[in-house]
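Please read the structure below before turning to the comments.
Indexing begins at 1, ligand by ligand and atom by atom, following the structure's order.
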Amino acid sequence: MSDLKHRAGFVNIIGLPNAGKSTLMNALIGQKLSIVTAKAQTTRHRIMGILNGDDYQIVYSDTPGVLDPKYKLHEGMMKAVGSALSDADLILMVIDSSDRTPFHASTLEKIKKMDVPIFIVLNKLDLIGNESADALFQFWSQEMPGAKIYPVSALTNLYTKELLAKIIECLPPSPPFFPKDELSDRTLRFFCSEILREKLLKYYNKEIPYSCEVQIESFKEEDHVTKIRAIILTERESQKAIIIGHQGSAIKRMATSARKEMEAFLDKKVFLETFIKVDPDWRNNVNRLKTLGYWE
Ligand SMILES: Nc1nc2c(ncn2[C@@H]2O[C@H](COP(=O)(O)OP(=O)(O)O)[C@@H](O)[C@H]2O)c(=O)[nH]1
Ligand SMILES: [Mg+2]
């Protein structure tokens, strides 16, 4: 492999909450790295996913959906978006084709001023008809004449291979940034905390998942088992009671589902213990957020 022929770059995925950014990154990588749920604000961090080919390396960044911050947590999430805008070699701007919500205005202005290639990915093509797809295509080609527009369905893998080929064409010549056997800059411990957070989003409603954070207190890899102690932070005693459920039934159901997914992800048996702690102000306490990895 000659480095002259090698291409590599940072491909950063930006969009409104629920546009399908995480689903798209997983589809482009061919593995589930970033958690996906039907609820907005599932992704709280910038998550890198690396795709290695013989003569290319794509370092994707999945980011939280852009929003106007209501909590310090949101400000931390938007910092992750800002950093993804600043170091991109290519931006994938993901649009939910089935949703008419206008794009976040100030973020759109920032993207328009950038001098890296922009791909507008019209996602969820499976949900709309040809006429709507044409209208959207027209709209975006007028709004951003310099951008390329690619309709896809990340969920059903429609045109995602074609999109990948276009991404590779756009990468600058460069040696790889990370060792070629790496899949992410995140640790297994981080992915396990994300799996537990995904189950919180899946099994609980309304404010509960948003008022929670997961902290992995210990992560011990032994020969045949990985032992994980996880703390779920929540804001109120009443929320703690809901998470536990009648005689512990609710937390047991969630933890079992999380453990099974961790076992599949790590390809190893997992012993998972979960504890719940009430911390009334974690979403607004910058020091707490720092220890949770939101403010660098
Ligand atoms: N029908 C359809 N649903 C999709 C598609 N891509 C993502 N979704 C769904 O949209 C929701 C949000 O997806 P997610 O990747 O978490 O969005 P994010 O917030 O932008 O990261 C989930 O329920 C996904 O299954 C798609 O191409 N078609
Ligand atoms: Mg996401």
*Take atom CG in N130; do more than 12 heavy atoms of anything else shown fall under 6.0 Å from it?*
no
*Whether F10 and F177 hold their rings parallel, tilted or perpendicular, with breakpoints at 30° and 60°*: tilted
*ligand 1 N/O within reach of N18 N/O, cut-off under 3.5 Å*: yes
*Do ligand 1 and A154 have nitrogen or oxygen atoms that lie under 3.5 Å from each other?*
yes
*Parallel, tilted or perpendicular: which describes the rings of F191 and F265, with under 30° parallel and over 60° perpendicular?*
tilted
*Can you tell me if an N/O/S atom from N18 lies under 2.8 Å from the Mg ion (ligand 2)?*
no
_Region of N123 engaging ligand 1 - heavy atom pairs below 4.0 Å_ = side chain
*Should the pair E207-R236 be classified as a salt bridge under the 4.0 Å nitrogen-to-oxygen rule?*
no
_Within-shell test, G65 vs ligand 1, heavy atom, strictly < 4.0 Å_ = no
*Report, in ascending order of atom number, the atoms of ligand 1 lying under 4.0 Å from any heavy atom of T23.*
6 (N), 7 (C), 13 (O), 14 (P), 15 (O), 24 (C)
*Can you tell me if NZ on K277 sees more than 12 non-hydrogen neighbours from other groups inside 6.0 Å?*
no
*Smallest separation among heavy atoms of L171 and R7, with atom names*: O-NH1, 2.8 Å
*Which heavy atom of the protein is the closest neighbour of atom 8 (N) of ligand 1, given with residue, atom name and distance?*
K124 CE, 3.7 Å
*asked:* Can you tell me which portion of L127 lies within the under-4.0 Å heavy-atom range of ligand 1? Options are side chain, backbone, both, or neither.
replied: side chain
*Atoms of ligand 1, numbered as shown, that sit under 4.0 Å from any heavy atom of S153*: 26 (C), 27 (O), 28 (N)
*Do any nitrogen or oxygen atoms of V152 lie less than 3.5 angstrom from nitrogen or oxygen atoms of ligand 1?*
no
*To the nearest 0.5 Å, tell me how far L125 CG sits from S97 OG.*
6.0 Å
*Give the residue, atom name and distance (to 0.1 Å) of the protein heavy atom nearest atom 22 (C) of ligand 1.*
T37 O, 3.4 Å
_I need the nearest protein heavy-atom contact for atom 3 (N) of ligand 1: residue, atom name and distance, please._
L155 CD2, 3.6 Å
*atom 28 (N) of ligand 1: the protein heavy-atom neighbour that sits closest, reported with distance to 0.1 Å*: D126 OD1, 2.8 Å
*Any salt bridge between E235 and R283, counting N to O under 4.0 Å?*
yes
*Say whether K21, considering both its backbone and side-chain N or O atoms, lies within less than 3.5 Å of an N or O atom on ligand 1.*
yes
*Please determine if K32 and E198 form a salt bridge, counting it only when a charged side-chain N lies under 4.0 Å from a carboxylate O.*
yes
*Who's the nearest protein heavy-atom neighbour of atom 23 (O) of ligand 1, and how far?*
A38 CA, 3.4 Å
*Show which atoms of ligand 1 fall inside a sub-4.0 Å distance from at least one heavy-atom site of G20.*
7 (C), 13 (O), 14 (P), 15 (O), 17 (O), 18 (P), 20 (O)
*Can you tell which of E273, E221, E222 makes a salt bridge (charged side-chain N to carboxylate O under 4.0 Å, His left out) with K227?*
E222
